[in-house]
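Below is one structure, written out as structure tokens, with a few remarks after it.
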Amino acid sequence: IPAKQGTELTPLLRQWGNILVERASKRLKPYFPTSPGETVTNYLFAHAITCPRTGRLVPLVPDWWLRKGDKPAAVRMISQVDGVKLTTPRFEVLHGPDIDFDAEKGIFAAGRATSPYDDLVIDGDYIKCEAQAGRMTQVLYAVVTKTPTGRSFRAPAEADLAALQAAQDEVASCLPRWFADNVVPASEIPAVSNYDRGHRMYGINKWVDFFGPRQLLTHAAFVEEFRRLVPEIREALDRVLADAVLTELALMQGKALNYNARQNSWDVGRQKTRSVFEKHNFAFKWTFVEFPGPGELLPWCLTQLVDAYDEIARLLEETGRAPLSLEKLPRAVRVTCGNAADVHTVADGSVQHICMDPPYYANVMYSELSNFFYAWERATLGEIWPDLFREESTDADDEAVTNEARFASMGRRKKALADLDYEAKMAAMFAECRRIMADNGVLTVMFTNKDARAWDALGSALITAGFVVETSWPVATESESSSHQANKNAAESTIMLVC
């Protein structure tokens, strides 16, 4: 779309996007109370279970820090008031020298908890059983705000708790209709998976289970308002232009899902929300972040979408100038989407340079993780492009990764078969690269892996296709503070293979 419509689409995206955000925000505002002089940017929750001995709610918090450094902030749990034991704990936020306890020591560690009520261990198996039985709940323990003096934190107020309950009641009444109308996905998470451990252990079996009630309400409001906007945009614009606008606006949803789920966590060091896939898996988070829908999340998603679209469109349109000349350089851009092993629109021997960043062996199961978005986008993008969303889930069979789950029925042979499948698919892609490449052409392949089998598979595929690796260049590409890198034996560089 950026290649075809260019920057002329940008103002239309902003115009119709603002309408979409305004309508969804209006529906959501009653569930997100505000106070004069502050803007709530995040809500911090902890998963909780009842203590097996006292029956009181235990928030499974690994530590109580909100911010470290020269302006520390931490949460203290209150379990009784005036000698009266509370069934559900309350919380207070302390700053600086008022932090008179060890905030590093939480309630949950190493898969088990210590009850704050009797100081006895709550076994990990009990926690899993409670979660799988649907008895794990969430408790709001801190609110992140933005004030004229900067970022701050406060304890949940009664208005916050009342709004949460109202949202929960609304979701309970709307959920049957949402399922029936495909507003929210009713489907189960596919059983054949490399990522079962993270979510199924704690009762997350459907795609909707990844979201707290108010998060679910936010995403459902987006879907419904997007659908209402479809006929309006198609009436105002010609069909091609209308579908271009609708397609781009639908992509806001992916950003919203990735930053507003039970898999988001609070980054104490960077003071920001981590995305769902900061670790490229479905790892369970014991505490999680909610991004307020009306005032923060949806306007931010629109800004992100419009900025990204405009920059891509400009990259395709702008050409630079020849040396010592005011004349623009010619540029012809063609965007092709399809199977990399069959780029039939490109002629033999016509390409000088191919730069490829292929799937890295078994590092990431892209299709499995993509289902997190696909399940929702069938109700939005699927309205515009139904042919692309006919299947219940994404296509894992044709994906060039070492996916052992696909060969689980083969027992001990599953790893070897998964390796062969990856190598065969990569060889087919490299063979296609060789077909379209000029005799003096160069293929640059980026690859990062510490597993020798991954390099063996990639090298075998390159040799089979008739390529020779002439040289390699390591390029430092990974942030040391990244969750993929920090305190791990992880590769810090991408190797550029020049073939």
Please test Asp181 against Glu224 for side-chain contact (heavy atoms from CB on, under 4.5 Å), starting from the C-alpha separation and ending with a verdict. CA-CA 10 Å; Asp181 295 343; Glu224 291 189 318; 5.8 Å; no

Check step by step if salt bridge (charged side-chain N to carboxylate O under 4.0 Å, His left out) holds for Arg234 and Asp243. CA-CA 7 Å; Arg234 284 178 171 167; Asp243 284 358; 3.0 Å; yes

Stepwise side-chain contact (heavy atoms from CB on, under 4.5 Å) check, Asn205 with Ile189: CA-CA 6 Å; Asn205 298 304; Ile189 300 169; 5.7 Å; no

Intermediate values then yes/no, side-chain contact (heavy atoms from CB on, under 4.5 Å), Asn449 and Trp455: CA-CA 7 Å; Asn449 210 296; Trp455 286 100; 4.1 Å; yes

Evaluation steps, side-chain contact (heavy atoms from CB on, under 4.5 Å), between Tyr361 and Leu458: CA-CA 8 Å; Tyr361 190 61; Leu458 184 82; over 6 Å; no

Residues Glu296, Thr41; criterion side chain to side chain donor-acceptor pair (under 3.5 Å); working and verdict: CA-CA 7 Å; Glu296 297 291 316; Thr41 60; 5.9 Å; no

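A side-chain donor-acceptor contact under 3.5 Å links Ser367 and Glu399. Side chains of Lys285 and Gln263: a donor-acceptor N/O pair is absent below 3.5 angstrom, by distance only. A donor atom on one side chain and an acceptor atom on the other are found under 3.5 Å apart for Glu368 and Asn194. Side-chain contact of Thr273 with Asn42: a donor-acceptor pair under 3.5 Å is present, judged by distance alone.
A distance of 7.5 Å separates NE2 of His280 from OG of Ser275, quoted to the nearest 0.5 Å. Thr247 OG1 to Gln5 CD: the interatomic distance, rounded to the nearest 0.5 Å, is 10.0 Å. Between the CH2 atom in Trp300 and the CG atom in Leu302 there is a gap of 12.0 Å [rounded to 0.5 Å]. We find the OG1-CD distance between Thr394 and Glu377 to be 11.0 Å, quoted to the nearest 0.5 Å. Considering CD of Gln168 and OH of Tyr31, their distance stands at 12.5 Å, rounded to 0.5 Å. For the atom pair NZ (Lys4) and CD1 (Ile1), the distance works out to 8.0 Å, reported to the nearest 0.5 Å.
Results of the ring pair (Phe, Tyr, Trp, His ring centres under 6.0 Å) test with His219 over Trp207, Trp178, Phe291, Phe211 single out Phe211 as the only residue that passes. If you run ring pair (Phe, Tyr, Trp, His ring centres under 6.0 Å) between Phe277 and each of Phe372, Tyr259, Tyr366, only Phe372 comes through.
Side-chain atoms of Thr402 and Asn363, non-hydrogen and from C-beta on, never get closer than 4.5 Å to each other. Counting only heavy atoms from C-beta outward, the side chains of Ile49 and Arg135 never approach each other to under 4.5 Å. Here the side chains of His353 and Thr444 are in contact, with some heavy-atom distance below 4.5 Å. The side-chain heavy atoms of Ile107 and Val58, taken from C-beta on, include a pair separated by under 4.5 Å. At least one side-chain heavy atom of Leu381 sits under 4.5 Å from a side-chain heavy atom of Leu251. The side-chain heavy atoms of Arg390 and Asp387, taken from C-beta on, include a pair separated by under 4.5 Å. Phe430 places none of its side-chain heavy atoms less than 4.5 Å from the side chain of Ile463. Phe210 places none of its side-chain heavy atoms less than 4.5 Å from the side chain of Arg262.
Formation of a donor-acceptor pair under 3.5 Å by the Asn18 side chain with backbone atoms of Arg14 is found in this model. Under the 3.5 Å distance criterion, the side-chain polar atoms of Asp310 are left unmatched by any main-chain donor or acceptor of Asp307. In terms of modelled atom types and a separation under 3.5 Å, the side chain of Thr287 and the main chain of Pro62 share no donor-acceptor contact. Without hydrogens or angle criteria, Tyr422 side chain to Leu417 main chain gives no donor-acceptor distance under 3.5 Å. Under the 3.5 Å distance criterion, the side-chain polar atoms of Gln132 are matched with a main-chain donor or acceptor of Met201. Between the Tyr374 side chain and the Glu392 main chain, no donor and acceptor come within less than 3.5 Å of each other. The closest donor-acceptor contact from the side chain of Ser25 to the backbone of Pro294 lies under 3.5 Å. The closest donor-acceptor contact from the side chain of Thr10 to the backbone of Thr7 lies under 3.5 Å. At least one donor-acceptor pair under 3.5 Å links the side chain of Gln215 to the backbone N or O of Gly212. A donor-acceptor pair is defined here as one N or O able to donate and one able to accept, closer than 3.5 Å; such a pair exists between the side chain of Arg435 and the backbone of Val343.
Salt bridge status for Glu170 with Arg214: absent, with no side-chain N to carboxylate O gap under 4.0 Å. Note on Lys425 versus Asp398: no salt bridge recorded, every NZ/NE/NH1/NH2 to OD/OE distance being 4.0 Å or above. Ion pairing of Arg23 with Glu225 is absent here, as no side-chain N (NZ or NE/NH1/NH2) approaches a carboxylate O to less than 4.0 Å. A salt bridge does not link Glu232 with Arg227: every distance from a Lys NZ or Arg NE/NH1/NH2 to an Asp or Glu carboxylate oxygen is 4.0 Å or more. Look at Glu391 and Arg378 and you find no salt bridge, because none of the NZ, NE, NH1 or NH2 atoms lies under 4.0 Å from a carboxylate O. Ion pairing between Lys415 and Asp419 fails under the 4.0 Å rule for side-chain N and carboxylate O. In summary, Arg274 and Asp267 engage in a salt bridge, as defined by a charged side-chain N under 4.0 Å from a carboxylate O. Taking a cutoff of 4.0 Å between a charged side-chain nitrogen and a carboxylate oxygen, Arg314 and Glu317 do not qualify as a salt bridge.
Contact detail for Asp209 and Gly203: the closest heavy-atom pair is OD2-O, 3.7 Å. Across all their heavy atoms, Met365 and Val401 have their closest contact at SD-CG2, 4.0 Å. Taking each heavy atom of Ser265 and Val289 in turn, the nearest pair found is C-CG2, 3.4 Å. Looking at every heavy atom in both residues, Thr137 comes nearest to Leu57 through OG1-CD1, 3.7 Å. Listed here is the closest heavy atom pair of Asp421 and Phe407: CB-CZ, 3.9 Å. Of all the heavy atoms in Cys301 and Ala256, the pair that sits closest is SG-N, 3.5 Å.
Enclosure of atom CD in Glu22 is not indicated, since only 12 or fewer non-hydrogen atoms of other residues, nucleotides or ligands lie within 6.0 angstrom. Counting heavy-atom neighbours within 6.0 Å of Arg413 CZ, excluding the residue itself, gives a total of 12 or less. Atom NZ of Lys26 has 12 or fewer neighbouring heavy atoms from other residues, nucleotides or ligands inside a 6.0 Å radius.
For Phe284 and Trp286, the ring centers are positioned less than 6.0 Å apart. Aromatic pair Phe447/Tyr360: ring centres closer than 6.0 Å. Here the two rings, on Trp266 and Phe288, have centers that are 6.0 Å apart or farther.
Ring geometry for Tyr43 versus Phe32: interplanar angle of 30 to 60°, hence tilted.
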